[in-house]
Amino acid sequence: MLPTSDDLQVIYGPNAAERVAKSSVLVVGAGGVGCELLKNLATAGFLRITVIDLDTIDVSNLNRQFLFRRQHVGKSKAIEAANAISKFAPDAQIRPMMANVRDNTFDVTFFRQFTLVCNALDNLEARRHVNRMCLAADVPLIESGSTGYNGQASVIAKGVECYDCVQRLPQKTYAVCTIRSTPDKPVHCIVWAKYLFDLLFGPDDDANVLKDLDLNRSPTPAQPKQNGEAQHTASAENGHSEPLDKHQNGQSPVPDSANGKHFEEQKQTDPRKRLRYSSDDTAHIFAERVAHRVFVADIEAQRAMEDLWRQRSPPILFDVTSAAKKEPVSLEKVDLLSQSVWDADHSAAVFMAVLRDIINHRVSEIGSLTFDKDDNHAMLFVAAAANLRANAYGVPLQSPFATKGIAGNIVHAIATTNAMVGGIIVLEALKIATSDGKIDKCVTTFVSQAPRGSRVKTILCPEMLTKPNPKCFVCSNGQPHVSVDLDQFTLKQFREYVLKKKLSMKEPEVYVANNILYETYHDLDEDDVEMYQSNCNKTLAKLNVENGTQLTISDFKQNLKCTIHISHTENLLLDKPIQERFVLDGNVPVPTPQADSNDHDSAEDVDADEVVEVGEERQIADGVADKSAERLGPGAREINSRERAQPDGEVANAHVPSKDRERDAGTKRPLEESNAREESQKKKARS
Amino acid sequence: MAMPFVGKEQQFVYAVRGLDPNRVSKAPLLPIRLLPPGNLQPKALFLNHKTSTMPAQEDRPDGQPPVTAPRELTGEEAALYDRQIRLWGLEAQRKLASSSVLLAGDVCSLTAQELAKNVLLAGVMRLGLVEYDDKYKKAPRSFLGDSVPAIVQSLKEMNPLVNVQVIEKPCLEVVKQFSVVCAIGMSRKEELLMTEACRAAEVPFLAGRVAGVIGWVFLDLGDEYSYQKSESNVSGPHDSASVSMKTASYCSYKAALDANWGRETARSAFGWHVAYTLQEFASRHSRLPSADETDVKLMTELYAELSESKKSKRTNTKLIERVANTASAILGPVCAIVGGMWGREVIKIVSGKGEPLNNLFFFNAETSAGSVERVGPPG
């Protein structure tokens, strides 16, 4: 069929069709929203489209990513989407790129070639990156997202609010103690099981909160104060007790508590051995060692920390090896989408079977596996291990279907919402393309689940674009404020956790006054490289960063430069993993090292209470509960309850590889929080 | 007639359709007498009073609405529909998998293609297509194809689990074989015949159209429509027994057309004024207004006349002018948005989960507002 020249002219005026046809559009993401968006661009008469997506097609995409067919499973989304569009719009030039939009190839010059850019992304990091690239290239960006029945699309350009103007909800985390010692909800057990999987089969990672299990140290309670006080004796159940060295760095073994009568695997288990597989293990010995150490020895050690069990019941020991023998399972027959809850015995059987199966079939991958919800071994392991953990702690057991949803941070995604979001994106694209790139007619449109408003009810609701946040460090010279313990945080940690992870920078350079702490030129001479490497391992204090220091940060990849104000707070957030021991533009917990750090009403806790209404852990996990968070800057918190109901982001539609994506979605992130209210109630109860 | 066994699952199907199983099984069948007065007869409707393609339903001696008990999903379905099952739950997906949706009217339009795609992806059991007239303006770049056979082929490829059928020799009786009927871009005469058949068979009826920058969907789900109140979408699948059933009453399409216009306020979207006037124009002129002065004038005059006869307190002639000026255009994204909302409502209806809009959705691409109005007297 002919393009839509008459149609566009009737609506958008003379030459509209030519303008649209000449426009060059970049689509980032060919997932759920991306497929709809590409189709709508083509039906609306756009002829020059570039689509970037690194992902490949999965069966679970086919219920909404309608450009793909069963035979395309495993193939590139970008390429198959381009092929499908070309079939019904043969005159359109679709250029697919199977790549990560954060790659260096996609620099400012690349972005400048486009009339406009449309984001159909699923993760915060890529969204923020494209936002910065489009601002640097001065190309209008249409940003979008969908979750369940809710969706939205908005326009970003110079002069209006950018994606970074709104601080996205921080990654919610659990105290290490909750995961390590006192889980009371299924999600705690699932997060724990994912850590355990990575601990056993992933790269060595000292930040893994279960690291002590592998190294065979005593468990590290998250409440340091209790460290020296807890009486570490083995469970009376075994009629055997042994004092335990409580120093965190001690080499004391897990209490050798099993006396051989109850736990036969004891004979085969050397408690001093690392938990991870070694080449002299058989699959059987390995599986029994893991089962014993994790569900017996460690539980005994936990039980021994009596302080923990004054307000709650201690965990129970469970002989997984014996339970597994009651009803052996065949892994091929286990249905991971089943909504029936596995009982403890079945979980034990799956747990032992999957451990053996990984050793028997994937031994060469050990050390490189990380949890991936689409890896059946990983999912079987987590479903079984989480249930055994839940069983020990009296937490309700889950079906593998439910566990997969939580473990994979799966965002509900449906075709109809994506269709509407894809539609509103292209309406904005048409306005931009037919008015020489101007955005003065553009709006933000929300798709909601139910009609809103009193007199006139709307279910698709437009809003004016808003002004930039003057405190935004990306578009408005805002100067973020970071509180951190300068004696503990190294430059490397600062770059990784604050600049890259929290602020989504790509290759940040760090300067203090006229002194370069870190730079990234590729033609640095060796001395410089060496110096920066050595700087990385020094604490910020050693690099003369003090309370009140202003760091200059620049990231040439994102064309970004800003000043960050540093405050020093001793022993900040010690209950959190090291990655999170800083506060960005928030209320710093009062530095009282004597207090139980769990009782601090930290900025994140406050946020947690506020987002409870959203009730969607997945939004939080994705960091995409759009516009639902505070403005940058202390005291400038603005919560718009309506906006809060507008989540964003479809996880399944990434341009990033699935592993990275799941990481964005919280997989690898320590201890994400699902239900802030319960957590805060627990805290209140504790205090 | 022996009382048919009505199991728990079947009860649900009745409930979705607003039927009391006991009442239905006892009630005498309503004769379908829809023959319109001579010249009003749409030719496609009455070529043949027998349906041609659905033996399973045709075989039913009691003439009951087709009831297919929800069944367990296969492993293939569970994997394919995983993400949406996580949103609306397993029960809703089972009900979808036993439902039938009829699309009638301009089934080659982009709006119909969007709707067909959305319903098909959701995983209904059966999707029926009836083309009422093949002289519609063809959509540019129809993504499923330019003809009914091409569209059917695309749909079958898109979701091989759905039975896509073309009803070649349609009659109004066919509506009884579907869980819900959608009339897309039909003339008002055809709409009225179809809504009457749907009311008689107690089948939910939705009618709508996209024209230029605007589009709408009208919903008539009967006097007593039962649905499961949608829980927050966090909860995921849960036991249907623990969920409360609600009922809602919908005004019939005919009553809505007959009623005087409501008290629009300055901020109203005037969706019903636009929909009514445009359908009236199409009835009188057998076409949509084209973007020339004559038709714009005809439309505004018609609007003035209707406003008068419908005792409208407030009017929006500017909007009508704009609609007249743009109605001939087809804009893909508008079709996607209206087809998306329409699909969402159909899925709610056949899955029994969620409160459908009551009773007019109207979208205006120039404001990006999608409004919900209640038109006509309370049902």
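Here is how names work: the chains are called A, B, and so on, in the same order as the sequence lines, proteins then strands, and each is numbered from 1.
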Could you walk me through whether B/E114 and A/K39 pass the side chain to side chain contact (heavy atoms under 4.5 Å, CB included) check? CA-CA 11 Å; B/E114 292 283 352; A/K39 175 254 301 166; 2.4 Å; yes
Which value, rounded to the nearest 0.5 Å, describes the distance between [X] atom [atom1] and [Y] atom [atom2]?
| X | Y | atom1 | atom2 | result |
| --- | --- | --- | --- | --- |
| A/I459 | B/S371 | CD1 | OG | 10.5 Å |
| B/L90 | A/L337 | CG | CG | 10.5 Å |
| B/I337 | A/I425 | CD1 | CD1 | 10.0 Å |
| B/Q113 | A/T43 | CD | OG1 | 10.0 Å |
| A/D6 | B/S328 | CG | OG | 8.0 Å |
| A/L460 | B/N364 | CG | CG | 11.5 Å |

Where does [X] contact chain A at under 4.5 Å (heavy atoms): side chain, backbone, both or neither?
| X | value |
| --- | --- |
| B/L144 | neither |
| B/N325 | backbone |
| B/F363 | side chain |
| B/T326 | both |
| B/L331 | side chain |
| B/A365 | both |

Measure [X] against the heavy atoms of chain B and call it side chain, backbone, both or neither at under 4.5 Å.
| X | result |
| --- | --- |
| A/Q71 | neither |
| A/V443 | side chain |
| A/S60 | both |
| A/K87 | neither |
| A/L430 | side chain |

In sequence, state the C-alpha distance, the side-chain angles, and the governing distance for B/E345 and A/T416, and then conclude on side chain to side chain contact (heavy atoms under 4.5 Å, CB included). CA-CA 10 Å; B/E345 297 309 301; A/T416 50; over 6 Å; no
Keeping the roles fixed (side chain from A/N63, backbone from B/L121), state whether a donor-acceptor pair exists under 3.5 Å. no
Quick one: of B/G332, B/G123, B/A336, B/A122, who has the most non-hydrogen atom pairs under 4.5 Å with chain A? B/A336
Among the options B/V119, B/L120, B/V372, pick out the one with the most heavy-atom pairs lying under 4.5 Å from chain A. B/V372
Applying side chain to side chain contact (heavy atoms under 4.5 Å, CB included) between B/L87 and each of A/T147, A/V411, A/I414, report the one that passes. A/I414
Side-chain heavy atoms of [X] within contact of [Y], under 4.5 Å:
| X | Y | result |
| --- | --- | --- |
| B/M158 | A/R69 | yes |
| A/E463 | B/S368 | no |
| B/M341 | A/M420 | yes |
| A/N61 | B/R83 | no |
| A/F401 | B/D82 | yes |

If you count heavy-atom pairs under 4.5 Å with chain B, which of A/D335, A/L427, A/T445 comes out on top? A/L427
Could you go through A/K457 and B/L357, starting from their C-alpha distance and side-chain angles, then the distance that decides it, and tell me whether this counts as side chain to side chain contact (heavy atoms under 4.5 Å, CB included)? CA-CA 11 Å; A/K457 288 184 159 57; B/L357 301 179; over 6 Å; no
B/E366 vs A/K441, test: salt bridge (charged side-chain N to carboxylate O under 4.0 Å, His left out). Steps then yes/no. CA-CA 9 Å; B/E366 303 213 310; A/K441 289 179 193 155; over 6 Å; no
Determine, for A/R70 against B/E157, whether the closest basic-nitrogen to carboxylate-oxygen distance falls under 4.0 angstrom. no
Would A/V456 and B/E373 satisfy side chain to side chain contact (heavy atoms under 4.5 Å, CB included), going step by step from the backbone distance to the final call? CA-CA 8 Å; A/V456 181; B/E373 298 172 55; over 6 Å; no
NZ or CZ of A/R64 within 45° of B/Y81 ring axis and under 6.0 Å: no
